Asks: 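I'd like to ask some things about the structure below.
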Amino acid sequence: MTRRPAGLFLLAAACGSATESTPPDGSSITVAISGLAYPAETWLGQADTKLSYVVSNTGTARWSFGVTASLRKPDESTVVDLPLRAVTLSAGQARTVSWDLPPWRPAGRWDVRVNVWQETSEPIHTRLADSGWLLDVISTRFWVRYHANTPAISRADADTRLAQAQGLLRGANGVGDVACDVRLAQFGEPASFATGDGIIDNQSDFDAVLAVPGSIKMVNQINWCDGIAAGIIGCSPIPGFSFVVREMSSPTRDRELWAHEYGHTAGLNHNPVAEYVMYAHYDPLASRYKVTLNECSVYRKGPA
């Protein structure tokens, strides 16, 4: 399939509610997400990742509970059940229950579900709380690269840009905008590359920089994106695995640029309405902050 690049041109932390049931003594049990290093801060092969929930006994008696959790691919092709955790809670007590997530778990979008069971001597337990399938998040991690002729970007600066791009996508700001639950983070330290001269003048220049390992390639100038043009600040295949941006020196300006080009790598074309992140032109005096429901579904699939 031919991936036609698209350019951008210059004009001047999910949660869910749990159901409650009542044990015989009038107690109740609730579950809530406690701390989550999944899937926002994990990647294929990364260790020391935990899924954590708070389990609370909001009743009047001491009870023993069993807590289970499951991971599911969105297409339901894979369901992984995590081991049962036994916990005894006094009335009014809460405790964090955690699972270490093994490094075999593929990166990307997974759903999570937690259940709390009443521990009895019977082989059949009573389910006290069921969170339902939660989170439904896609996590995308980027390796930022910058040409040797451009100013270096620090990890902190790249983190700021990705955090602001994430906030732009996840915010719901008025009619026609949806809160798109995606998480953007870095994978590895930003690093320089020396391919080309830091200026994109033709297809060959673009292809050479695109082939450099990494996700976001920062250069000095982009004069070509599917053709020669002036004022190009970003270019990406549709879909693709990485994109090229001009160094903009401002997290606030870069958040729209990075979010826009990330949309192209996921498969999005331009939106004709100026308020939307995927609008074809960038105006420093205006703000592009909206995402449609259909665009969000593509963002959540992640880059090709």
Side-chain angles (χ1 to χ4, degrees), residues 3-11 138-147 150 153 157-170 180 182-187 190 193 198-200 203 205-227 229 231-272 274-284 287-292 295-296 298-304:
R3 294 173 175 170
R4 184 176 181 178
L8 181 62
F9 296 82
L10 179 67
L11 288 182
I138 182 169
S139 173
T140 303
R141 292 177 73 102
F142 301 87
W143 185 17
V144 179
R145 305 293 304 273
Y146 55 91
H147 194 272
T150 68
I153 183 170
D157 285 343
D159 279 339
T160 298
R161 284 159 170 77
L162 288 170
Q164 291 200 12
Q166 173 182 293
L168 190 69
L169 297 176
R170 297 185 72 182
C180 194
V182 295
R183 301 177 191 264
L184 311 181
Q186 285 194 82
F187 177 61
F193 67 93
I199 301 174
I200 307 298
Q203 179 79 55
D205 290 345
F206 178 70
D207 290 343
V209 171
L210 207 65
V212 171
S215 313
I216 301 173
K217 321 293 173 52
M218 303 178 71
V219 297
N220 276 326
Q221 290 183 39
I222 306 174
N223 302 320
W224 181 97
C225 186
D226 197 34
I232 305 174
I233 58 175
C235 189
S236 171
I238 309 176
F241 60 90
S242 69
F243 55 84
V244 180
V245 294
R246 204 179 79 192
E247 198 278 322
M248 297 277 282
S249 302
S250 167
T252 302
R253 299 178 73 182
D254 282 340
R255 66 177 184 173
E256 295 182 21
L257 172 59
W258 289 21
H260 178 100
E261 297 304 332
Y262 167 53
H264 283 319
T265 65
L268 289 174
N269 291 301
H270 286 140
N271 188 313
E275 295 177 333
Y276 284 85
V277 173
M278 292 309 301
Y279 183 60
H281 300 280
Y282 174 79
D283 183 348
S287 179
R288 300 176 312 152
Y289 56 89
K290 291 186 177 181
V291 177
T292 69
E295 287 172 342
C296 179
V298 177
Y299 267 111
R300 287 161 57 81
K301 292 178 183 178

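Remember, it's a predicted structure, so these values are computed and weren't measured experimentally.
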Asks: Report yes if the side chains of F193 and H147 come closer than 4.5 Å at any heavy-atom pair, otherwise no.
Replies: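 Yes, close enough: below the 4.5 Å cut-off.
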Asks: Distance-only, no hydrogens or angles: does the R288 side chain make a donor-acceptor pair with backbone N or O of Y279 under 3.5 Å?
Replies: yes
Asks: Could you check if a side-chain atom of V219 sits within less than 4.5 angstrom of a side-chain atom of D205, using non-hydrogen atoms only?
Replies: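 No - every pair of side-chain heavy atoms lies 4.5 Å or more apart.
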Asks: For G214 and S242, work out which heavy atoms get closest and say how close.
Replies: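 Where G214 meets S242 most closely, the heavy atoms are O-CB, 3.4 Å.
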Asks: Could you tell me the separation between the CH2 atom of W224 and the CD1 atom of I200, rounded to the nearest 0.5 Å?
Replies: 9.0 Å
Asks: Within a strict 4.5 Å, meaning less than it, do heavy atoms of the P213 and R145 side chains meet?
Replies: yes
Asks: Looking at every non-hydrogen atom in both residues, tell me the closest pair between G234 and E261 and how far apart they are.
Replies: C-OE2, 3.3 Å
Asks: To the nearest 0.5 angstrom, please state how far the CH2 atom of W258 sits from the OG atom of S215.
Replies: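 Rounded to the nearest 0.5 Å, the CH2-OG separation comes out at 10.0 Å.
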Asks: For the residue pair Y262 and Y299, does the interplanar ring angle fall in the parallel (under 30°), tilted (30 to 60°) or perpendicular (over 60°) class?
Replies: tilted
Asks: Okay, side chain of H260, backbone of V277: is any donor-acceptor separation there less than 3.5 Å?
Replies: yes
Asks: Assess whether side chain to side chain contact (heavy atoms under 4.5 Å, CB included) is satisfied between E256 and Y282, documenting all intermediate values.
Replies: CA-CA 8 Å; E256 295 182 21; Y282 174 79; 3.3 Å; yes
Asks: How many angstroms lie between atom CG of D254 and atom CZ of R246, to the nearest 0.5 angstrom?
Replies: 10.0 Å
Asks: Do W143 and I216 make a side-chain contact, defined as non-hydrogen atoms from C-beta onward lying under 4.5 Å apart?
Replies: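 SC-SC contact between W143 and I216 ruled out.
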Asks: Roughly how far, to the nearest 0.5 Å, is the CD atom of Q166 from the CG atom of L162?
Replies: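 The distance works out to 8.5 Å.
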